[in-house]
Structure formats: structure tokens, C-alpha cells
Amino acid sequence: MTNTTDPPIIEFSDVTKRFGVLTVLDQFNFSVAKGEKVTLIGPSGSGKSTVLRILMTLEPFQEGTLTLAGTSYHEPGARGRFKASEKHLRQIRNHVGMVFQSFNLFPHMTVLRNVVEAPVRVLGMQRAEAEVRAIELLQMVGLADKKDHYPVQLSGGQQQRVAIARALAMRPRVLLFDEPTSALDPQLVGEVLGVIRALAHEHDLTMLLVTHEMRFAREVSDRVCFFDKGRICEQGAPEEIFGQPKHERTREFLASIL
Ligand SMILES: Nc1ncnc2c1ncn2[C@@H]1O[C@H](COP(=O)(O)OP(=O)(O)OP(=O)(O)O)[C@@H](O)[C@H]1O
């Protein structure tokens, strides 16, 4: 469900990103409406993760403007380091939650503390309030009974579900998923996809996913973007992209993986 009357919640305007001599995004334009669920698919190395990392302010860029929930961010001429102030970057980052391929939980903290720490430290939330919210989120991902366990005591699928709860604890407006199931054993993929599928029904939450799970992309996305060599080659509703891809590169890619 999307709201097309509001301005886009994510907007890349002519963003160029280079790593040394390699141009990964070349005057990239892309926008996502509030509440929209968008999937990026495409060959390895085409720049999908770079888009997410720029949104998370983990990577500076050299040209163009990124606007996120009304805050613009511009990095003209930046060469591998940020020009924007840390305060400004934080304003952007606080709108965004990210779920990585490799869970990235803090190994020395219990499941509950993994979910509670960022809202307390970054948002200044009272610990008791953060714990109530964390337990609600752990219930939502089916892991409230594991709140006193340490990450090492959990399966990969369970760790990824904690990582999703942790990202949601920051009340992000945008949730990014970078191949959230690719580090999991096949039998654990379903439980993580089930949680993400449930989140896709949250109307106000904007989701941007990079995935190699095409069946899943088809199920959860309002829009699928086929990404090739740093640009969106073709985009549309899942039934269009998977049913009647128009671009030859999209057809080749889908034929190679399906
Ligand atoms: N920190 C970095 N330094 C140098 N080159 C990088 C860096 N990060 C990414 N790249 C390069 O940028 C290009 C795009 O990488 P990116 O990870 O965004 O692609 P991707 O489409 O997400 O690929 P995959 O599906 O394999 O994750 C690749 O050629 C990659 O080698």
C-alpha cells in the first residue's frame, strides 16, 4: 500500500558513486513512496548493496543529492569520506533500519539487550520503556522466550529474527534488507521470510529489499527493479517483471537464475 500524494520518502537525484576508478552508480535517479515495498534484483556486482549502504550513510557519494524523509544530503566532491556533519548524517540514519546478510548481533549481550541498547543509547529512551517495546518486538518475531539467551545459543534464522526486532526497535521509517537469507541454511530461510512477509503488511513502513529469492520478491513487493551496471534497467509490478519482462537483460538474468 503506498501513498502517492506525499513526496517520496527516499529520493536519489543524479547520485554518482565511485570506488576509485570504478563508477558504481552513474547519475542514479530512484525514488520510493512512503509505505512502498520495493525489491532490487540483478546480477552480482551491479550496485544493489551500494544503494542500501548509501541510504544507511555507510558510504559517501561524489555527486548528487539523497533525500530521506524530507532531510536532504549532498556530498559534492567527497572522495571516500563524508563532508556532511555527523549530526546531519545521524538525522538521516535515524530514519533507517538495516538488516544485513550476517545478522551482526553483539555476541556479549543477551537477545533482550541487543534489542534494547540502541533505543536507550541513541534515542535516549528510558530502559524500562525500551524493554517493554523490545519484548513486544521479540514476541512479534516469535522469540520472546529466548530473551535471556546469547546469540551463540541461537540458530542463524533466530539470530536474523532478533536482528529484525533490533532494527524495528529504532522505529525506522524505512527498513532495508540486504540479502537477509543468503547466509542461512535452506531449512531456516522460511522462518525469516515469514517475519518479513508479515512486516510487508505494515502500511506505514517503507521497505527496500535486495534479494536473490525471486519467489519472495514476487510475493512481498509492490515494485521490482531490475538493476544492471549501476542503473535500473527495468521496473514494474512483480507480475510484469517476472511474467513479461521487456528488457533483454532482465530476460537473460531471470533465465539464468530461475
Ligand atoms: N568498499 C568497496 N571498495 C571498492 N569497490 C567496492 C566496494 N564496495 C563495493 N565495491 C564494488 O562496487 C560494485 C558494486 O558492488 P555491490 O556490492 O553494490 O553490488 P551488488 O549488486 O550488491 O552485488 P551482490 O549481489 O554480489 O552483493 C562491485 O564491483 C564491487 O566490487
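When reading the values below, keep in mind they use all heavy atoms of this one structure, side chains included, and skip hydrogens, waters and symmetry mates. Atoms within each ligand, like the ligands themselves, are counted from 1 in listed order. This chain uses plain numbering: 1 for the first residue, then up along the sequence.
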Less than 4.0 Å is my threshold; does some heavy atom of [X] fall inside it relative to ligand 1?
X	answer
G230	no
R53	no
G42	no

Under 4.0 Å from any heavy atom of [X], which atoms of ligand 1 are there?
X	answer
H212	25 (O)
P43	21 (O)
S46	19 (O), 20 (P), 21 (O)

Here the pair of heavy atoms bringing A130 nearest to V120 is CB-CG2, 3.8 Å
Work out which heavy atom in M98 is nearest to a heavy atom in L52; give both atom names and the distance.
CE-CB, 3.9 Å
Return the closest protein heavy atom for [atom] as residue, atom name and distance.
atom	value
atom 26 (O) of ligand 1	S44 OG, 2.5 Å
atom 27 (O) of ligand 1	E179 OE2, 3.4 Å
atom 25 (O) of ligand 1	K48 NZ, 2.9 Å
atom 18 (O) of ligand 1	T50 OG1, 2.5 Å
atom 1 (N) of ligand 1	F19 CE2, 3.5 Å
atom 11 (C) of ligand 1	L22 CD2, 3.8 Å

If you link I, L, V, M, F, W and Y whenever their side-chain heavy atoms are under 4.5 Å apart, who else ends up in the same group as M170?
V122, L123
Please step through salt bridge (Lys or Arg N to Asp or Glu O under 4.0 Å) for the pair E219 and R215, ending with a clear verdict.
CA-CA 6 Å; E219 279 174 27; R215 195 170 64 90; 3.4 Å; yes
Please lay out, stage by stage, how E131 and R113 fare under the test salt bridge (Lys or Arg N to Asp or Glu O under 4.0 Å).
CA-CA 8 Å; E131 284 189 4; R113 271 197 72 201; over 6 Å; no
Heavy-atom side-chain proximity of F242 to I41 below 4.5 angstrom:
yes
Short N/O distance, under 3.5 Å, between [X] and ligand 1?
X	result
G45	yes
G47	yes
E59	no

Hphob cluster co-occupancy, F28 + M56, side-chain heavy atoms under 4.5 angstrom:
yes
Hey, is atom 16 (P) of ligand 1 under 4.0 Å from any protein heavy atom?
yes
Could you tell me whether atom 30 (C) of ligand 1 has a protein heavy atom closer than 4.0 Å?
no
Of the side chain and backbone of V24, name the one, both, or neither that has a heavy atom under 4.0 Å from an atom of ligand 1.
side chain
Could you tell me whether V210 approaches ligand 1 through its side chain, its backbone, both or neither, with non-hydrogen atoms closer than 4.0 Å?
neither
Taking atom types as modelled and ignoring hydrogens, do the side chains of S102 and N104 form a donor-acceptor contact shorter than 3.5 angstrom?
yes
Indicate whether any N or O donor in one side chain lies under 3.5 Å from an N or O acceptor in the other, for Q62 and R18.
no
Is a side-chain N or O of Q160 found less than 3.5 angstrom from the main chain of V192, in a donor-acceptor match?
no
Short question: side chain of T39, backbone of L209 - any donor-acceptor pair under 3.5 Å?
no
Any salt bridge linking R251 with E248? Criterion: basic side-chain nitrogen under 4.0 Å from a carboxylate oxygen.
no
